[in-house]
Protein chains: 2
Amino acid sequence: MGGDFGSYSAQLRKGVIQMLVLQVLSTEPLYGYAIVKRLEELGEFVAGEGTVYPVLRRLEVDGLLVSEWQQPADGNARKYYSVTVAGAAFLARSLEEWKRIDSAVRSLEGE
Amino acid sequence: MGGDFGSYSAQLRKGVIQMLVLQVLSTEPLYGYAIVKRLEELGEFVAGEGTVYPVLRRLEVDGLLVSEWQQPADGNARKYYSVTVAGAAFLARSLEEWKRIDSAVRSLEGE
DNA sequence: CTAGGTACCTCGTATTGTATAGTACCCTAC
DNA sequence: GTAGGGTACTATACAATACGAGGTACCTAG
């Protein structure tokens, strides 16, 4: 490592991407490509396709998301994802855990 | 996974432990065992010896910490760790990154 | 017909958290 | 004097994830 902050930043994001994807989808169902674009707009928080698509698959396998193919009049077929009841519960627990960790981090600041 | 929140929680902590260790040490030099105890008191944020010692080693290899053996009058030898200049800079960048991610997480909440 | 945007998927690699087990020292109590 | 518990560090093996890079296919604009 040394000056390579990028690889550390990746570690800091572990698990967060899943939470963000669930959060984005809890507002409205979206398809993978749109989620990637959405996350890109979300501050400097970037998560490419190579990150998002595997996450979507895992979340679906775990029963936290369900997917549905839709064919628009023109353009490529889109796979829309929606949050399940289990997914919503999981998101709530994740946010609690996140805040707990955050309070631990901030409690040490400027000590 | 499924109901196994523990393994997810572990992912959410990736990278955070390093940041917390650096934060704790930026106040005063401490030895490994004391750091473990300190983190245990820090809310419900638990990181056992099996987690902390490898982290200390990695941080030292990366030049973010330096260690020094000290032999107390009674008891076991203790390895004290201090934050280097590079470590302090690294900690600062980590905190920035942490806050950036946190703002992304919170900005989506209750949308 | 070529370029570029849309939309999806997969593979390989590197990094890290954690349990488990092992070593060794000291002190107290019985 | 010895059994137990607390202190203190180390090594090994495993599972999970982020990300880049590469691949397929469709549509529109010039």
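Each chain gets a letter, A, B and so on, in the order the sequences are listed, and its residues count up from 1. When reading the values below, keep in mind they use all heavy atoms of this one structure, side chains included, and skip hydrogens, waters and symmetry mates.
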Could you state the [atom1]-[atom2] distance from [X] to [N], rounded to the nearest angstrom?
{"X": "A:Leu20", "N": "D:dT17", "atom1": "CG", "atom2": "C1'", "value": "15 Å"}
{"X": "A:Lys14", "N": "C:dT15", "atom1": "NZ", "atom2": "P", "value": "11 Å"}
{"X": "B:Tyr33", "N": "C:dT23", "atom1": "OH", "atom2": "P", "value": "19 Å"}
{"X": "B:Gln71", "N": "D:dC9", "atom1": "CD", "atom2": "P", "value": "11 Å"}
{"X": "B:Glu68", "N": "D:dC9", "atom1": "CD", "atom2": "C1'", "value": "17 Å"}
{"X": "B:Gln11", "N": "D:dC19", "atom1": "CD", "atom2": "P", "value": "13 Å"}
{"X": "A:Ile35", "N": "C:dC8", "atom1": "CD1", "atom2": "C1'", "value": "12 Å"}
{"X": "A:Ile17", "N": "D:dT17", "atom1": "CD1", "atom2": "P", "value": "12 Å"}

Taking only the side-chain nitrogens and oxygens of [X], find out if one of them lies under 4.0 Å from OP1 or OP2 of [N].
{"X": "B:Tyr31", "N": "D:dC9", "value": "no"}
{"X": "A:Arg58", "N": "D:dA18", "value": "yes"}
{"X": "B:Arg13", "N": "C:dG17", "value": "no"}
{"X": "A:Tyr53", "N": "C:dC8", "value": "yes"}
{"X": "B:Thr51", "N": "C:dG17", "value": "no"}

Any salt bridge linking [X] with [Y]? Criterion: basic side-chain nitrogen under 4.0 Å from a carboxylate oxygen.
{"X": "B:Arg57", "Y": "B:Asp62", "result": "no"}
{"X": "A:Glu97", "Y": "A:Arg100", "result": "yes"}
{"X": "A:Arg93", "Y": "A:Glu96", "result": "no"}
{"X": "A:Arg38", "Y": "A:Glu28", "result": "no"}

Assign each of B:Pro72 and A:Val16 to its nearest nucleotide of DNA chain D by heavy atoms, then name whichever residue's nucleotide is nearer the 5' end.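 Taking each residue's closest nucleotide, the earlier one in sequence belongs to B:Pro72.
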How do B:Pro54 and B:Asn76 order along DNA chain C: which one's closest nucleotide is nearer the 5' end?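 With B:Pro54 and B:Asn76 compared, the 5'-side residue is B:Pro54.
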Counting only pairs under 3.5 Å, give me each side-chain donor-acceptor contact of residues 66-73 of chain A, with atom names and distances, residues two or more places apart or in other chains.
unit_1: A:Ser67; atom_1: OG; unit_2: A:Glu60; atom_2: OE2; d: 2.6
unit_1: A:Gln71; atom_1: NE2; unit_2: A:Gly75; atom_2: O; d: 3.1

Take A:Ser26 and A:Leu91 through the test side chain to side chain contact (heavy atoms under 4.5 Å, CB included) and record every step on the way to the result. CA-CA 9 Å; A:Ser26 69; A:Leu91 173 58; 4.2 Å; yes
Tell me what [X] touches on the nucleic acid: a base, only sugar-phosphate, or nothing, going by heavy atoms under 4.0 Å.
{"X": "B:Lys79", "result": "sugar-phosphate"}
{"X": "B:Arg57", "result": "sugar-phosphate"}
{"X": "B:Val55", "result": "sugar-phosphate"}
{"X": "A:Gly50", "result": "base"}
{"X": "B:Ala34", "result": "nothing"}

Look only at the side chain of B:Thr84 and the backbone of B:Leu64, and say whether a donor-acceptor pair between them is shorter than 3.5 Å. yes
Report yes or no: does A:Gln18 contribute a side-chain atom to a donor-acceptor pair with the main-chain N or O of A:Val55 at less than 3.5 Å? no
Looking only at side-chain atoms of A:Ala10, point me to the closest of D:dA8, D:dT7, D:dA18.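 Closest nucleotide among those given: D:dA18.
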At how many degrees, to 10°, do the end axes of the helix from C:dC1-D:dG30 to C:dC30-D:dG1 meet when each uses five pairs?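 Comparing the axis at each end, I get an angle of 0°.
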